[in-house]
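Note that this is a predicted model, so its numbers are computed, not measured. By convention in this document, chain letters (A, B, ...) are assigned in the order of the sequence lines, proteins followed by strands, and residues within each chain are numbered from 1.
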Protein chains: 2
Amino acid sequence: MENKDIFIKKLRSSGLRPTRQRIEICKVLYDRKKTFHFTINDLSKILKKKSNEKISLATIYNTVCAFKNRNYLKEISINSSKSYFDTNVSNHHHFFNESTDELIDLKNEDVGNIKLKKKIPGKKIKSVEVLVKIQDNN
Amino acid sequence: MENKDIFIKKLRSSGLRPTRQRIEICKVLYDRKKTFHFTINDLSKILKKKSNEKISLATIYNTVCAFKNRNYLKEISINSSKSYFDTNVSNHHHFFNESTDELIDLKNEDVGNIKLKKKIPGKKIKSVEVLVKIQDNN
DNA sequence: ACACTACTTTAGAATCATTATAAAGTAGGT
DNA sequence: ACCTACTTTATAATGATTCTAAAGTAGTGT
């Protein structure tokens, strides 16, 4: 597991102690080729299956929140019932498939440049996000 | 109250019986010049103050949900903790002020046209929404 | 290796928004 | 006035998330 060392560095570099649990979570999140979109519930289920460690829900919440704060994860709010997270923290947009509750990345180029013509004095822009909701043609 | 008749028509035309409670809610939502952004909690507080009727939370949820389904209200999800609603149901976008948890309308012209270059076969687009998060310059 | 301290994990309780339930009330047609 | 279907309501239930306080662990200094 050479990735493990990468995870340890990643954690350490941002002031998080590399604990067993955090490394297990890193493996699930970052030991993959493609972007991963998930809810806390998804992540919890995967950890139960793939990891020998029992990791409590509280730890999963704490860690995901820490990762979000360190910009290792991007949070996306689609509806009020739950939050989605994205391992792709680059600037990008999303499709949300309402038929399957699935999130799909949209590259920045896919959306084109967004030129905001309105500014609000005394405020700075933190993010500009486009969410395209789609449904099955039935 | 001539507006009351308008509310009654509005309700009736969409299959909702004009009850005392729904009319009180209509008054708060639509008896105003400007667009109104609110959470269920906001609405509940205003109703407690402005209306003589006691309206239960359940009714507020039911009615707001009915209005949303009839396209009398637009729902906006900013974060997982609660839903925002907008009496402006036209196609438009939003600023969300993270310093004050306040929602501000962005006209379509303010954002410019969004040209989606990616399509997903077999899916139809339900909505395209831009959310611009802002914060106070501190 | 040992001890110390601050950071972590954990189970479980607490909280908050939202939804469901089932009984009592009401609108609109007859 | 009467009926029936739709509404409201208080309350309980649910589900996501956060809090708590005790037990465990990492990293530092010895």
Neighbours of DNA chain C within residues 13-24 of chain A, by heavy-atom distance under 4.0 Å: A/G15, A/L16, A/R17, A/T19, A/Q21, A/R22
Polar side-chain atom of B/S51 near backbone of B/E24 as donor-acceptor pair, under 3.5 Å: no
For atom CG of A/L11 and atom P of C/dC7, their distance in whole Å: 16 Å
Residue whose nearest DNA chain D nucleotide is more 5′ - A/I40 or A/N62: A/I40
Side chain to side chain, B/Q21 and B/T63, heavy atoms closer than 4.5 Å: no
Interatomic distance where CZ belongs to A/F67 and P belongs to C/dT8 [whole Å]: 11 Å
Positions of residues 50-58 of chain B (non-hydrogen atom under 4.0 Å from DNA chain D), listed by number: B/K54, B/I55, B/S56, B/A58
Below 4.0 Å: OP1/OP2 of C/dT19 and any side-chain N or O of B/Y61: no
Heavy-atom side-chain proximity of B/I134 to A/K126 below 4.5 angstrom: no
Backbone N/O of A/I78 and side chain of B/S77: donor-acceptor pair under 3.5 Å: yes
Pairs where residues 106-138 of chain A contributes a residue and the test ring-ring contact (aromatic ring centres under 6.0 Å, His included) is met, not counting sequence neighbours: none
Interatomic distance, A/I8 CD1 vs D/dA26 C1' [rounded to whole Å]: 12 Å
Nucleotide D/dT17, atom C1' - distance to OH of A/Y84 in whole Å: 16 Å
Difference in axis direction between the ends of the helix from C/dA1-D/dT30 to C/dT30-D/dA1, five pairs, 10°: 20°
Rounded distance (Å) that lies between atom P of D/dC19 and atom CD1 of A/I60: 17 Å
Between P of C/dC16 and NZ of B/K45, the distance in whole Å: 12 Å
5'-most by nearest nucleotide on DNA chain C - B/C65 or B/R12: B/C65
Whether B/R22 side chain and B/R17 backbone form a donor-acceptor pair below 3.5 Å: yes
Any side-chain donor near an acceptor of the partner, B/D42 and B/H37, under 3.5 Å: no
Using atom types as modelled, flag every donor-acceptor pair under 3.5 Å from a side chain in residues 106-116 of chain A to any protein atom, sequence neighbours excluded.
unit_1 : atom_1 : unit_2 : atom_2 : d
A/N108 : OD1    : A/H93  : NE2    : 3.1
A/N108 : ND2    : A/N91  : O      : 3.2
A/D110 : OD2    : A/K107 : N      : 3.0

Any pair counted as ring-ring contact (aromatic ring centres under 6.0 Å, His included), so long as it reaches residues 49-69 of chain A, sequence neighbours left out: A/F67-A/Y72
Cation-pi geometry met for B/K10 and B/Y30 (6.0 Å, 45°): yes
Neighbour count above 12 (heavy atom, 6.0 Å) for B/K119 NZ: no
